[in-house]
Asks: 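My structure is below; once you've seen it, I'll send some questions.
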There are 2 protein chains.
Amino acid sequence: MTLTEENYLKAMFHLSAESVEVSVLDLSKNLSIKMPTVNSMAKKLAAKGLVIYEKYKPLTLTKEGKKAAGLIIRKHRLVEMFLVQKMGFAWDQVHEIAEQVEHIKSQIFFDRIDELLDFPKVDPHGSPIPDKFGAVLHQNYVKLEQCILNQKVVFKAVDSSQDSFLKLIDKLNLKLGDNIQVLDIQEYDKSMKVSVNDTFEIVLSQMVTSNILVQS
Amino acid sequence: MTLTEENYLKAMFHLSAESVEVSVLDLSKNLSIKMPTVNSMAKKLAAKGLVIYEKYKPLTLTKEGKKAAGLIIRKHRLVEMFLVQKMGFAWDQVHEIAEQVEHIKSQIFFDRIDELLDFPKVDPHGSPIPDKFGAVLHQNYVKLEQCILNQKVVFKAVDSSQDSFLKLIDKLNLKLGDNIQVLDIQEYDKSMKVSVNDTFEIVLSQMVTSNILVQS
DNA sequence: TATTTTTGTTAGACTAATCTAACTTTTTAG
DNA sequence: CTAAAAAGTTAGATTAGTCTAACAAAAATA
Ligand SMILES: [Mn+2]
Ligand SMILES: [Mn+2]
Ligand SMILES: [Mn+2]
Ligand SMILES: [Mn+2]
(Lines give C-alpha, C1' and ligand atoms only; values in the text may rest on other atoms or scores of the structure.)
(Ligands and ions follow the chains in the order given, each with its own letter.)
Protein backbone atom coordinates (compact mmCIF):
# COMPACT_ATOMS: atom_id res chain seq x y z
CA MET A 1 0.00 0.00 0.00
CA THR A 2 1.26 3.47 -0.84
CA LEU A 3 1.59 6.39 1.54
CA THR A 4 -1.22 8.13 -0.31
CA GLU A 5 -3.61 5.22 -0.04
CA GLU A 6 -2.80 4.93 3.66
CA ASN A 7 -3.68 8.57 4.21
CA TYR A 8 -7.01 8.16 2.43
CA LEU A 9 -7.91 5.13 4.54
CA LYS A 10 -6.94 6.89 7.72
CA ALA A 11 -9.05 9.94 6.83
CA MET A 12 -12.02 7.71 6.04
CA PHE A 13 -11.64 5.92 9.33
CA HIS A 14 -11.65 9.18 11.24
CA LEU A 15 -14.59 10.59 9.33
CA SER A 16 -16.62 7.43 9.74
CA ALA A 17 -16.29 7.52 13.52
CA GLU A 18 -19.62 9.32 13.59
CA SER A 19 -21.55 8.40 10.50
CA VAL A 20 -20.04 5.12 9.19
CA GLU A 21 -20.59 6.38 5.66
CA VAL A 22 -18.29 9.03 4.27
CA SER A 23 -19.17 11.43 1.48
CA VAL A 24 -16.70 12.19 -1.27
CA LEU A 25 -17.02 15.86 -0.35
CA ASP A 26 -16.11 15.28 3.30
CA LEU A 27 -13.05 13.28 2.33
CA SER A 28 -12.12 15.91 -0.19
CA LYS A 29 -12.30 18.67 2.41
CA ASN A 30 -10.55 16.64 5.06
CA LEU A 31 -7.59 15.79 2.83
CA SER A 32 -7.55 19.08 0.93
CA ILE A 33 -7.71 17.11 -2.30
CA LYS A 34 -10.21 17.89 -5.03
CA MET A 35 -13.30 15.74 -5.46
CA PRO A 36 -12.42 14.17 -8.79
CA THR A 37 -9.15 12.95 -7.33
CA VAL A 38 -10.94 11.49 -4.34
CA ASN A 39 -13.44 9.88 -6.65
CA SER A 40 -10.80 8.04 -8.62
CA MET A 41 -8.92 6.99 -5.51
CA ALA A 42 -12.18 5.66 -4.08
CA LYS A 43 -12.55 3.43 -7.14
CA LYS A 44 -8.98 2.28 -6.78
CA LEU A 45 -9.43 1.38 -3.11
CA ALA A 46 -12.68 -0.37 -4.01
CA ALA A 47 -10.79 -2.45 -6.59
CA LYS A 48 -8.45 -3.49 -3.77
CA GLY A 49 -11.38 -4.51 -1.57
CA LEU A 50 -10.79 -1.80 1.02
CA VAL A 51 -13.73 0.44 0.24
CA ILE A 52 -17.29 -0.08 -0.96
CA TYR A 53 -17.97 2.22 -3.88
CA GLU A 54 -21.25 2.69 -5.70
CA LYS A 55 -21.88 5.60 -8.02
CA TYR A 56 -23.47 8.55 -6.22
CA LYS A 57 -23.52 6.67 -2.92
CA PRO A 58 -21.40 7.57 0.10
CA LEU A 59 -18.25 5.52 0.66
CA THR A 60 -17.85 2.82 3.28
CA LEU A 61 -14.75 1.05 4.53
CA THR A 62 -14.86 -2.72 4.23
CA LYS A 63 -13.76 -4.88 7.16
CA GLU A 64 -10.37 -5.12 5.46
CA GLY A 65 -10.23 -1.37 4.99
CA LYS A 66 -11.11 -0.73 8.60
CA LYS A 67 -8.37 -3.05 9.76
CA ALA A 68 -5.78 -1.46 7.48
CA ALA A 69 -6.76 2.01 8.68
CA GLY A 70 -6.67 0.89 12.30
CA LEU A 71 -3.15 -0.43 11.89
CA ILE A 72 -1.91 2.86 10.44
CA ILE A 73 -3.58 4.81 13.24
CA ARG A 74 -1.96 2.42 15.68
CA LYS A 75 1.46 3.32 14.29
CA HIS A 76 0.64 7.03 14.33
CA ARG A 77 -0.39 6.97 17.98
CA LEU A 78 2.46 4.75 19.12
CA VAL A 79 4.88 7.17 17.47
CA GLU A 80 3.24 10.18 19.11
CA MET A 81 3.51 8.49 22.48
CA PHE A 82 7.15 7.63 21.88
CA LEU A 83 7.98 11.17 20.83
CA VAL A 84 6.42 12.57 24.00
CA GLN A 85 7.43 9.92 26.52
CA LYS A 86 10.87 8.94 25.28
CA MET A 87 12.08 11.89 23.29
CA GLY A 88 10.77 14.81 25.29
CA PHE A 89 8.55 16.46 22.70
CA ALA A 90 5.52 18.52 23.68
CA TRP A 91 2.10 17.17 22.72
CA ASP A 92 1.64 19.93 20.17
CA GLN A 93 4.82 18.97 18.28
CA VAL A 94 4.21 15.33 17.57
CA HIS A 95 1.30 15.05 15.16
CA GLU A 96 3.14 16.35 12.10
CA ILE A 97 6.08 14.05 12.68
CA ALA A 98 3.86 11.03 13.35
CA GLU A 99 1.97 11.82 10.14
CA GLN A 100 5.16 10.92 8.30
CA VAL A 101 6.65 8.22 10.52
CA GLU A 102 3.40 6.20 10.46
CA HIS A 103 4.25 5.18 6.88
CA ILE A 104 7.59 3.54 7.68
CA LYS A 105 7.61 -0.07 6.49
CA SER A 106 9.11 -2.07 9.35
CA GLN A 107 7.20 -4.30 11.72
CA ILE A 108 10.07 -4.54 14.24
CA PHE A 109 10.36 -0.76 14.40
CA PHE A 110 6.82 -0.28 15.69
CA ASP A 111 6.94 -3.42 17.82
CA ARG A 112 10.00 -2.06 19.56
CA ILE A 113 8.35 1.29 20.17
CA ASP A 114 5.34 -0.51 21.62
CA GLU A 115 7.59 -2.55 23.88
CA LEU A 116 9.70 0.40 25.05
CA LEU A 117 6.48 2.21 26.00
CA ASP A 118 5.23 -0.88 27.82
CA PHE A 119 2.28 -1.39 25.47
CA PRO A 120 0.38 1.86 26.01
CA LYS A 121 -3.39 1.99 25.51
CA VAL A 122 -3.74 5.70 24.71
CA ASP A 123 -1.71 8.35 22.91
CA PRO A 124 -0.62 11.71 24.37
CA HIS A 125 -3.95 13.24 23.36
CA GLY A 126 -6.00 10.60 25.15
CA SER A 127 -6.97 8.80 21.94
CA PRO A 128 -7.01 5.00 22.12
CA ILE A 129 -4.23 3.06 20.38
CA PRO A 130 -5.72 0.32 18.19
CA ASP A 131 -4.52 -3.22 18.94
CA LYS A 132 -2.29 -5.36 16.70
CA PHE A 133 -5.34 -6.38 14.68
CA GLY A 134 -6.29 -2.78 13.99
CA ALA A 135 -9.27 -2.85 16.35
CA VAL A 136 -10.00 0.23 18.43
CA LEU A 137 -11.53 0.01 21.86
CA HIS A 138 -14.42 2.43 21.63
CA GLN A 139 -14.43 5.16 24.24
CA ASN A 140 -17.72 6.59 25.45
CA TYR A 141 -16.47 10.12 25.89
CA VAL A 142 -18.62 13.16 25.20
CA LYS A 143 -17.72 16.69 24.25
CA LEU A 144 -17.57 19.14 27.13
CA GLU A 145 -19.76 21.30 24.89
CA GLN A 146 -22.63 18.90 25.51
CA CYS A 147 -22.40 18.89 29.27
CA ILE A 148 -25.06 20.53 31.41
CA LEU A 149 -24.83 23.04 34.20
CA ASN A 150 -23.14 21.80 37.38
CA GLN A 151 -22.16 18.49 35.76
CA LYS A 152 -18.91 17.02 37.08
CA VAL A 153 -16.70 15.28 34.55
CA VAL A 154 -13.10 14.16 33.92
CA PHE A 155 -10.98 15.54 31.09
CA LYS A 156 -10.07 12.42 29.11
CA ALA A 157 -8.96 13.42 25.62
CA VAL A 158 -8.73 16.17 23.02
CA ASP A 159 -10.46 16.01 19.67
CA SER A 160 -8.06 18.16 17.66
CA SER A 161 -4.37 17.95 16.90
CA GLN A 162 -4.02 21.57 15.86
CA ASP A 163 -1.01 22.88 17.69
CA SER A 164 -2.57 26.26 18.50
CA PHE A 165 -5.42 24.44 20.26
CA LEU A 166 -3.05 22.20 22.21
CA LYS A 167 -0.89 25.16 23.20
CA LEU A 168 -3.99 26.95 24.48
CA ILE A 169 -4.92 23.97 26.64
CA ASP A 170 -1.39 24.06 28.07
CA LYS A 171 -1.66 27.78 28.71
CA LEU A 172 -4.97 27.30 30.50
CA ASN A 173 -3.20 24.79 32.73
CA LEU A 174 -5.57 22.02 31.75
CA LYS A 175 -4.26 18.44 31.77
CA LEU A 176 -5.71 15.06 30.90
CA GLY A 177 -7.24 13.59 34.06
CA ASP A 178 -8.32 16.92 35.51
CA ASN A 179 -11.73 17.12 37.22
CA ILE A 180 -13.96 19.67 35.62
CA GLN A 181 -17.26 21.09 36.83
CA VAL A 182 -19.50 23.23 34.67
CA LEU A 183 -20.24 26.42 36.61
CA ASP A 184 -21.91 28.57 33.99
CA ILE A 185 -23.00 28.42 30.37
CA GLN A 186 -23.54 31.58 28.35
CA GLU A 187 -26.74 31.42 26.35
CA TYR A 188 -25.36 33.75 23.71
CA ASP A 189 -22.09 32.11 22.59
CA LYS A 190 -22.21 28.80 24.49
CA SER A 191 -19.01 29.70 26.31
CA MET A 192 -18.55 27.91 29.61
CA LYS A 193 -17.10 28.81 32.96
CA VAL A 194 -15.68 25.70 34.57
CA SER A 195 -13.77 24.90 37.72
CA VAL A 196 -10.67 22.71 37.44
CA ASN A 197 -9.84 20.30 40.27
CA ASP A 198 -11.74 22.69 42.55
CA THR A 199 -8.65 24.90 42.51
CA PHE A 200 -9.21 27.45 39.77
CA GLU A 201 -11.83 28.65 37.33
CA ILE A 202 -11.54 29.36 33.61
CA VAL A 203 -13.79 30.40 30.76
CA LEU A 204 -13.79 28.30 27.60
CA SER A 205 -15.24 29.25 24.22
CA GLN A 206 -17.43 26.79 22.36
CA MET A 207 -14.59 26.22 19.91
CA VAL A 208 -12.58 24.91 22.83
CA THR A 209 -15.34 22.96 24.61
CA SER A 210 -16.19 21.19 21.36
CA ASN A 211 -12.67 19.78 21.24
CA ILE A 212 -12.49 18.65 24.84
CA LEU A 213 -13.62 15.10 25.48
CA VAL A 214 -14.80 14.16 28.94
CA GLN A 215 -16.27 11.29 30.91
CA SER A 216 -18.79 11.52 33.75
CA MET B 1 13.31 17.76 -2.62
CA THR B 2 11.58 14.43 -3.17
CA LEU B 3 12.53 11.15 -1.53
CA THR B 4 13.70 9.89 -4.91
CA GLU B 5 15.95 12.85 -5.56
CA GLU B 6 17.41 12.47 -2.09
CA ASN B 7 18.25 8.85 -2.76
CA TYR B 8 20.01 9.72 -6.03
CA LEU B 9 22.10 12.40 -4.35
CA LYS B 10 23.04 10.07 -1.54
CA ALA B 11 24.09 7.36 -3.96
CA MET B 12 26.18 9.83 -5.94
CA PHE B 13 27.84 11.02 -2.78
CA HIS B 14 28.77 7.49 -1.80
CA LEU B 15 30.02 6.57 -5.24
CA SER B 16 32.07 9.74 -5.56
CA ALA B 17 33.97 8.97 -2.36
CA GLU B 18 36.62 7.36 -4.53
CA SER B 19 36.50 8.90 -7.94
CA VAL B 20 34.69 12.25 -7.57
CA GLU B 21 33.04 11.65 -10.94
CA VAL B 22 30.22 9.16 -11.17
CA SER B 23 29.19 7.31 -14.31
CA VAL B 24 25.58 6.89 -15.22
CA LEU B 25 26.17 3.16 -15.29
CA ASP B 26 27.54 3.06 -11.76
CA LEU B 27 24.60 5.02 -10.44
CA SER B 28 22.25 2.81 -12.37
CA LYS B 29 23.75 -0.34 -10.85
CA ASN B 30 23.93 1.13 -7.38
CA LEU B 31 20.30 2.18 -7.35
CA SER B 32 18.99 -0.74 -9.40
CA ILE B 33 17.40 1.73 -11.74
CA LYS B 34 17.81 1.57 -15.52
CA MET B 35 20.22 3.94 -17.25
CA PRO B 36 17.66 6.00 -19.16
CA THR B 37 15.90 6.77 -15.90
CA VAL B 38 19.15 7.79 -14.27
CA ASN B 39 19.95 9.91 -17.29
CA SER B 40 16.76 11.92 -17.04
CA MET B 41 17.07 12.30 -13.30
CA ALA B 42 20.64 13.56 -13.80
CA LYS B 43 19.30 16.28 -16.07
CA LYS B 44 16.64 17.16 -13.55
CA LEU B 45 19.15 17.45 -10.73
CA ALA B 46 21.39 19.50 -13.01
CA ALA B 47 18.48 21.87 -13.65
CA LYS B 48 18.25 22.30 -9.87
CA GLY B 49 21.94 23.09 -9.61
CA LEU B 50 22.80 19.96 -7.65
CA VAL B 51 24.65 18.04 -10.34
CA ILE B 52 26.89 18.94 -13.27
CA TYR B 53 25.64 17.21 -16.37
CA GLU B 54 27.23 17.26 -19.79
CA LYS B 55 26.26 14.81 -22.48
CA TYR B 56 28.43 11.70 -22.50
CA LYS B 57 30.48 12.97 -19.57
CA PRO B 58 30.43 11.46 -16.06
CA LEU B 59 28.30 13.21 -13.45
CA THR B 60 29.63 15.40 -10.66
CA LEU B 61 27.90 16.76 -7.59
CA THR B 62 28.01 20.54 -7.25
CA LYS B 63 28.90 22.11 -3.92
CA GLU B 64 25.17 22.46 -3.30
CA GLY B 65 24.59 18.84 -4.23
CA LYS B 66 27.34 17.65 -1.94
CA LYS B 67 25.89 19.61 0.95
CA ALA B 68 22.38 18.28 0.33
CA ALA B 69 23.68 14.72 0.16
CA GLY B 70 25.75 15.22 3.30
CA LEU B 71 22.70 16.40 5.21
CA ILE B 72 20.69 13.35 4.21
CA ILE B 73 23.55 11.05 5.18
CA ARG B 74 23.75 12.91 8.47
CA LYS B 75 20.11 12.09 9.15
CA HIS B 76 20.62 8.48 8.12
CA ARG B 77 23.54 7.98 10.46
CA LEU B 78 21.96 9.84 13.37
CA VAL B 79 18.93 7.61 13.04
CA GLU B 80 21.05 4.44 12.92
CA MET B 81 22.85 5.54 16.07
CA PHE B 82 19.56 6.31 17.80
CA LEU B 83 18.10 2.94 16.86
CA VAL B 84 21.12 1.14 18.28
CA GLN B 85 21.87 3.27 21.33
CA LYS B 86 18.40 4.27 22.46
CA MET B 87 16.11 1.63 21.06
CA GLY B 88 18.17 -1.51 21.45
CA PHE B 89 18.42 -2.61 17.83
CA ALA B 90 21.36 -4.65 16.54
CA TRP B 91 23.67 -2.98 14.02
CA ASP B 92 22.43 -5.26 11.26
CA GLN B 93 18.81 -4.17 11.73
CA VAL B 94 19.10 -0.43 11.40
CA HIS B 95 20.11 0.39 7.84
CA GLU B 96 16.78 -0.47 6.21
CA ILE B 97 14.84 1.53 8.75
CA ALA B 98 17.20 4.52 8.51
CA GLU B 99 16.87 4.38 4.72
CA GLN B 100 13.26 5.40 5.21
CA VAL B 101 13.44 7.61 8.28
CA GLU B 102 16.16 9.79 6.71
CA HIS B 103 13.48 11.33 4.49
CA ILE B 104 11.29 12.63 7.32
CA LYS B 105 10.77 16.38 6.98
CA SER B 106 11.30 17.81 10.46
CA GLN B 107 14.32 19.71 11.65
CA ILE B 108 13.43 19.38 15.34
CA PHE B 109 13.08 15.63 15.03
CA PHE B 110 16.69 15.13 13.96
CA ASP B 111 17.97 17.87 16.24
CA ARG B 112 16.43 16.08 19.19
CA ILE B 113 17.94 12.76 18.17
CA ASP B 114 21.32 14.47 17.90
CA GLU B 115 20.88 15.97 21.35
CA LEU B 116 19.67 12.77 23.02
CA LEU B 117 22.75 11.00 21.62
CA ASP B 118 24.97 13.80 22.87
CA PHE B 119 26.09 14.84 19.39
CA PRO B 120 27.77 11.65 18.19
CA LYS B 121 30.57 11.77 15.63
CA VAL B 122 30.20 8.29 14.16
CA ASP B 123 27.36 5.88 13.45
CA PRO B 124 27.13 2.26 14.70
CA HIS B 125 29.19 1.08 11.72
CA GLY B 126 32.03 3.50 12.41
CA SER B 127 31.09 5.86 9.58
CA PRO B 128 31.42 9.57 10.32
CA ILE B 129 28.26 11.62 10.85
CA PRO B 130 28.37 14.76 8.66
CA ASP B 131 28.00 18.05 10.55
CA LYS B 132 25.02 20.42 10.37
CA PHE B 133 26.41 21.91 7.17
CA GLY B 134 26.61 18.53 5.49
CA ALA B 135 30.39 18.37 5.69
CA VAL B 136 32.02 15.02 6.42
CA LEU B 137 35.25 14.75 8.34
CA HIS B 138 37.35 12.54 6.11
CA GLN B 139 38.71 9.44 7.76
CA ASN B 140 42.00 7.99 6.60
CA TYR B 141 41.05 4.38 7.11
CA VAL B 142 42.26 1.60 4.82
CA LYS B 143 40.80 -1.77 4.02
CA LEU B 144 42.16 -4.66 6.01
CA GLU B 145 42.57 -6.33 2.61
CA GLN B 146 45.41 -3.91 1.85
CA CYS B 147 47.38 -4.53 5.02
CA ILE B 148 50.68 -6.40 4.96
CA LEU B 149 51.97 -9.35 6.93
CA ASN B 150 52.45 -8.70 10.65
CA GLN B 151 50.89 -5.23 10.44
CA LYS B 152 49.07 -4.15 13.60
CA VAL B 153 45.89 -2.14 13.11
CA VAL B 154 42.68 -1.11 14.85
CA PHE B 155 39.23 -2.11 13.55
CA LYS B 156 37.53 1.26 12.99
CA ALA B 157 34.58 0.79 10.65
CA VAL B 158 32.76 -1.51 8.25
CA ASP B 159 32.26 -0.71 4.59
CA SER B 160 29.04 -2.62 3.99
CA SER B 161 25.59 -2.48 5.53
CA GLN B 162 24.52 -5.90 4.30
CA ASP B 163 23.02 -7.63 7.29
CA SER B 164 24.58 -11.01 6.48
CA PHE B 165 28.01 -9.37 6.57
CA LEU B 166 27.32 -7.62 9.87
CA LYS B 167 25.95 -10.80 11.41
CA LEU B 168 29.12 -12.60 10.36
CA ILE B 169 31.28 -9.98 12.06
CA ASP B 170 29.21 -10.48 15.21
CA LYS B 171 29.59 -14.24 14.96
CA LEU B 172 33.36 -13.88 14.57
CA ASN B 173 33.31 -11.88 17.79
CA LEU B 174 34.84 -8.85 16.12
CA LYS B 175 33.97 -5.41 17.46
CA LEU B 176 34.83 -1.86 16.49
CA GLY B 177 37.98 -0.86 18.38
CA ASP B 178 39.51 -4.34 18.40
CA ASN B 179 43.26 -4.63 17.80
CA ILE B 180 44.05 -6.77 14.81
CA GLN B 181 47.36 -8.21 13.69
CA VAL B 182 47.84 -9.85 10.31
CA LEU B 183 49.39 -13.29 10.93
CA ASP B 184 49.14 -14.88 7.53
CA ILE B 185 47.97 -14.06 4.01
CA GLN B 186 47.09 -16.83 1.54
CA GLU B 187 48.60 -16.20 -1.86
CA TYR B 188 45.82 -18.14 -3.58
CA ASP B 189 42.59 -16.48 -2.35
CA LYS B 190 43.97 -13.53 -0.34
CA SER B 191 42.32 -14.87 2.80
CA MET B 192 43.93 -13.69 6.02
CA LYS B 193 44.61 -15.20 9.39
CA VAL B 194 44.52 -12.46 12.03
CA SER B 195 44.78 -12.28 15.78
CA VAL B 196 42.23 -10.23 17.68
CA ASN B 197 43.28 -8.36 20.81
CA ASP B 198 46.02 -11.00 21.18
CA THR B 199 43.34 -13.31 22.54
CA PHE B 200 42.10 -15.39 19.62
CA GLU B 201 42.77 -16.03 15.95
CA ILE B 202 40.38 -16.12 13.03
CA VAL B 203 40.55 -16.56 9.26
CA LEU B 204 38.85 -13.97 7.06
CA SER B 205 38.05 -14.28 3.35
CA GLN B 206 38.93 -11.44 1.01
CA MET B 207 35.24 -10.62 0.75
CA VAL B 208 35.33 -9.90 4.44
CA THR B 209 38.72 -8.13 4.63
CA SER B 210 37.65 -5.81 1.82
CA ASN B 211 34.76 -4.56 3.96
CA ILE B 212 36.72 -4.07 7.15
CA LEU B 213 38.22 -0.60 7.60
CA VAL B 214 41.22 -0.20 9.87
CA GLN B 215 43.70 2.38 11.08
CA SER B 216 47.37 1.81 11.87
C1' DT C 1 -43.62 19.98 -8.49
C1' DA C 2 -40.16 22.78 -10.61
C1' DT C 3 -35.98 25.11 -9.99
C1' DT C 4 -31.78 25.87 -7.86
C1' DT C 5 -27.98 24.30 -5.23
C1' DT C 6 -25.04 20.80 -3.81
C1' DT C 7 -22.69 16.74 -4.62
C1' DG C 8 -20.62 13.50 -7.59
C1' DT C 9 -18.65 11.94 -12.10
C1' DT C 10 -16.21 12.05 -16.52
C1' DA C 11 -12.84 13.65 -19.64
C1' DG C 12 -8.58 15.35 -20.49
C1' DA C 13 -4.21 17.31 -19.06
C1' DC C 14 0.04 17.44 -16.20
C1' DT C 15 4.22 15.97 -13.30
C1' DA C 16 7.20 12.50 -11.18
C1' DA C 17 9.29 8.28 -11.69
C1' DT C 18 9.84 4.36 -13.96
C1' DC C 19 10.44 1.06 -18.06
C1' DT C 20 11.82 -1.01 -23.04
C1' DA C 21 13.51 -0.49 -27.63
C1' DA C 22 16.23 1.82 -30.72
C1' DC C 23 19.94 4.69 -31.70
C1' DT C 24 24.53 7.24 -30.93
C1' DT C 25 28.89 8.15 -28.96
C1' DT C 26 32.92 6.67 -26.70
C1' DT C 27 36.08 3.24 -25.44
C1' DT C 28 38.46 -1.01 -26.08
C1' DA C 29 40.72 -4.61 -28.63
C1' DG C 30 42.34 -6.85 -32.49
C1' DC D 1 42.90 2.14 -37.57
C1' DT D 2 38.96 -0.22 -37.86
C1' DA D 3 35.40 -3.18 -35.77
C1' DA D 4 33.17 -4.63 -31.72
C1' DA D 5 31.73 -3.73 -27.13
C1' DA D 6 30.35 -0.72 -23.60
C1' DA D 7 28.22 3.32 -22.08
C1' DG D 8 25.03 6.93 -22.78
C1' DT D 9 20.95 9.07 -24.99
C1' DT D 10 16.38 9.63 -27.10
C1' DA D 11 11.76 8.38 -27.94
C1' DG D 12 7.70 6.63 -26.48
C1' DA D 13 4.89 4.06 -23.11
C1' DT D 14 3.11 3.24 -18.26
C1' DT D 15 1.47 4.05 -13.47
C1' DA D 16 0.43 6.98 -9.45
C1' DG D 17 -1.42 11.05 -8.04
C1' DT D 18 -2.99 15.35 -8.88
C1' DC D 19 -5.66 19.22 -11.27
C1' DT D 20 -9.55 22.04 -14.07
C1' DA D 21 -13.58 22.25 -16.86
C1' DA D 22 -17.72 20.38 -18.13
C1' DC D 23 -21.51 17.60 -17.25
C1' DA D 24 -24.98 14.64 -14.44
C1' DA D 25 -27.50 13.23 -10.47
C1' DA D 26 -29.35 14.00 -5.99
C1' DA D 27 -30.93 16.98 -2.50
C1' DA D 28 -32.83 21.19 -0.95
C1' DT D 29 -35.91 24.95 -1.58
C1' DA D 30 -39.35 27.70 -3.24
MN1 LIG E 1 -1.98 12.75 15.70
MN1 LIG F 1 0.38 10.28 7.05
MN1 LIG G 1 23.25 2.75 6.78
MN1 LIG H 1 16.50 6.48 1.58
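Just so we're on the same page: letters track the sequence lines, and every chain starts at 1. Every heavy atom of this structure was used, including side-chain atoms; hydrogens, water molecules and symmetry mates were not.
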Asks: Does Arg74(B) make a cation-pi contact with Phe110(B), if we ask for NZ or CZ under 6.0 Å from the ring centre and within 45° of the axis?
Replies: no
Asks: Of the candidate nucleotides dT9(C), dA16(C), dT18(D), which contains the atom at the shortest distance from the side chain of Thr2(B)?
Replies: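 The closest nucleotide is dA16(C).
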Asks: Tell me the interatomic distance from Asp26(B), atom CG, to dA7(D), atom P, rounded to whole angstroms.
Replies: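 The distance from CG of Asp26(B) to P of dA7(D) comes to 9 Å, rounded to the nearest Å.
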Asks: Taking atom P of dT7(C) as reference, at what distance in whole Å does atom CG of Leu25(A) sit?
Replies: 5 Å
Asks: Residues two or more places apart in sequence or in another chain: which of them pass side chain to side chain contact (heavy atoms under 4.5 Å, CB included) with Glu5(A)?
Replies: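 Met1(A), Thr2(A), Met41(A), Lys44(A), Leu45(A), Lys48(A).
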Asks: Counting just side-chain N and O atoms, does Tyr56(B) come under 4.0 Å of either OP1 or OP2 of dT10(D)?
Replies: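 Answer no for this pair, as no side-chain N or O of Tyr56(B) is under 4.0 Å from OP1 or OP2.
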Asks: Using the side chain to side chain contact (heavy atoms under 4.5 Å, CB included) criterion, which residues pair with Asp92(A)? Sequence neighbours excluded.
Replies: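 Asp92(A): side chain to side chain contact (heavy atoms under 4.5 Å, CB included) contacts with Ala90(A), Asp163(A), Leu166(A), Lys167(A), Asp170(A).
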Asks: Between residues 33-43 of chain A and DNA chain C, which residues have a heavy-atom gap below 4.0 Å?
Replies: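 Residues of residues 33-43 of chain A under 4.0 Å from DNA chain C: Met35(A), Pro36(A), Asn39(A), Lys43(A).
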Asks: Please report the distance, rounded to the nearest Å, between CD in Glu21(B) and P in dA7(D).
Replies: 16 Å
Asks: List in chain and number order the residues that pass side chain to side chain contact (heavy atoms under 4.5 Å, CB included) with Ser106(A), two or more places apart in sequence or in another chain; answer none if no residue qualifies.
Replies: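 Ser106(A) satisfies side chain to side chain contact (heavy atoms under 4.5 Å, CB included) with Ile104(A), Ile108(A), Phe109(A), Ile97(B) once adjacent residues are dropped.
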Asks: How many whole angstroms separate atom CD of Glu6(B) from atom P of dA16(C)?
Replies: 15 Å
Asks: Return the set of residues passing side-chain hydrogen bond (donor to acceptor under 3.5 Å, both in side chains) with Lys67(B) (not counting sequence neighbours), or none when no residue passes.
Replies: none
Asks: Return the nearest nucleotide to the side chain of Tyr8(B); candidates are dT18(C), dT7(C), dT9(D).
Replies: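 In terms of side-chain proximity for Tyr8(B), the closest of dT18(C), dT7(C), dT9(D) is dT18(C).
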Asks: So, using side chain to side chain contact (heavy atoms under 4.5 Å, CB included) as the criterion, who are the partners of Asp118(A) when residues are at least two apart?
Replies: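 Asp118(A) satisfies side chain to side chain contact (heavy atoms under 4.5 Å, CB included) with no other residue.
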Asks: Given dG8(C), is OP1 or OP2 found less than 4.0 Å from the side-chain N or O atoms of Lys57(A)?
Replies: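 False: Lys57(A) side-chain N/O out of range (4.0 Å or more) of dG8(C) OP1/OP2.
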Asks: Give the rounded distance in Å between these two atoms: CE of Met1(B) and C1' of dT15(C).
Replies: 18 Å
